[in-house]
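Numbers here simply count residues along the sequence, with the first being 1. Note: hydrogens, waters and symmetry copies are ignored here, and every other heavy atom, side chains too, is used.
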Amino acid sequence: MLVLTRKETFRVDSENEGQRFIEEEKEKAAEEGYSLNKYGMTHKEKKSKGEIIDECWIVELNKTYDSIWGD
């Protein structure tokens with residue numbers, strides 16, 4: 001069995017951390033045999049009684065593996 005695509009979701013604490021993480025994934029994509037065909041970040045907040053009690057950034061990566069023939 002061979003993985004062709006994979007969607008990964010991560011939680012990070014800041015926008016800068018998320019951007020660094022995406023750049024690192026782009027750099028190591030060729031080494032590990034995949035390409036990032038889609039990626040992005042979303043800011044999430046959890047509120048209670050109108051106050052923000054928690055916030056984070058969600059990073060989503062869609063990876064497509066280069067070799068479908070198992071080379």
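- The number of heavy-atom neighbours closer than 6.0 Å to OH of Tyr39, taken from other residues, nucleotides and ligands shown, is 12 or below.
- Arg20 and Glu23 are not joined by a salt bridge, as no carboxylate oxygen comes within less than 4.0 angstrom of a charged side-chain nitrogen.
- Atom CH2 of Trp57 and atom CG of Asp13 lie 12.5 Å apart (nearest 0.5 Å).
- Under a cut-off of 6.0 angstrom, the local environment of CD in Glu51 is sparse, with at most 12 non-hydrogen atoms contributed by other residues, nucleotides or ligands.
- In this structure, Val12 and Cys56 approach most closely via the heavy-atom pair O-CB, 3.6 Å.
- Aromatic ring pairs are classed by plane angle as parallel below 30°, tilted from 30° to 60° and perpendicular above 60°; the pair Phe10 and Phe21 is perpendicular.
- Pairing each heavy atom of Ser35 with each of Ala29, the nearest pair is CA-CB, 4.4 Å.
- Leu36 and Ile58 are members of different hydrophobic clusters when ILVMFWY side chains are connected at heavy-atom separations under 4.5 Å.
- Distance check, rounded to the nearest 0.5 Å: CD of Glu15 to NE2 of His43 gives 8.5 Å.
- In this structure, CE on Met41 lies 11.0 Å from CG on Leu61, to the nearest 0.5 angstrom.
- Across every non-hydrogen atom of Glu55 and Arg11, the tightest pair is O-NH2, 3.9 Å.
- In this structure, OG1 on Thr64 lies 11.5 Å from CZ on Arg6, to the nearest 0.5 angstrom.
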